[in-house]
Amino acid sequence: DQRVIQEKDIIILDWGCKYNGMCADMSRTVFVGDITEEERQVYEIVLKSQEEGEKAAVKGAYIPEVDKAARDVIKDAGYEKYFFTRLGHGIGYSVHEAPDIKKSNQRYLEEGMVFSIEPGIYIAGKFGMRIENIVAVTENGNEILNKASKEIKIIKNV
Ligand SMILES: [Mn+2]
């Protein structure tokens with residue numbers, strides 16, 4: 001479907017590119033014209049979830065626990081049923097590859113693994129929001145490969 005962007009829209013931007021055969025991936029959610037109090041609250045929940053996921057995604061972490069760290073933020077806020085995707089996916093020569101970051105992937109994170117942390121809240125007929133960064137597991141923790149701001153961005157004058 002095609003649609004012209006309008007005031008009060010909420011837009012999930014999902015970018016990627018390839019460099020030397022390796023894939024990049026990133027999502028940000030932006031607001032057009034204005035933002036409601038509920039939308040601001042939901043955005044802060046998604047942001048907190050994403051940050052908790054990043055913090056948990058370190059060398060030696062049990063993947064279901066990484067998923068839980070992010071998912072619990074959304075669950076505790078009462079939006080659990082609106083976050084129905086995996087938390088993340090591996091990325092490298094393909095944009096989606098192992099390891100999936102989800103409850104059923106009962107493995108441990110190893111140095112050199114690279115994957116997304118991309119929680120979202122998707123309410124049908126209302127709005128969807130997602131924040132996605134790529135995390136690389138390092139010897140001492142991790143490195144976040146995307147540098148774009150995650151602050152609320154309101155676009156005016158469309
Ligand atoms: Mn992704």
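Order of listing sets the numbers, starting from 1, for every ligand and every atom in it.
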Check your understanding: From His89, does some N, O or S atom reach closer than 2.8 Å to the Mn ion (ligand 1)?
Key -> yes
Review point. Are the aromatic rings of Tyr62 and Tyr108 close, with centres under 6.0 Å apart?
Key: yes
Review point. With a cut-off of 2.8 Å, does Glu132 place any N/O/S atom under that distance from the Mn ion (ligand 1)?
Key: yes
Check your understanding: What atom name does the N, O or S atom of Glu118 nearest to the Mn ion (ligand 1) carry?
Key -> OE2
Exercise for review: Indicate yes or no: does Lys55 engage Glu52 in a salt bridge with an N to O separation below 4.0 Å.
Suggested key: yes
Point to revise | Hydrophobic cluster identity match, Val30 and Trp15, side-chain contacts under 4.5 Å | key: yes
Check your understanding: So which N/O/S atom does Asp25 have closest to the Mn ion (ligand 1)?
Key -> OD2
Check your understanding: Are the side chain of Lys156 and the backbone N or O of Gly33 linked by a donor-acceptor pair below 3.5 Å?
Key -> yes
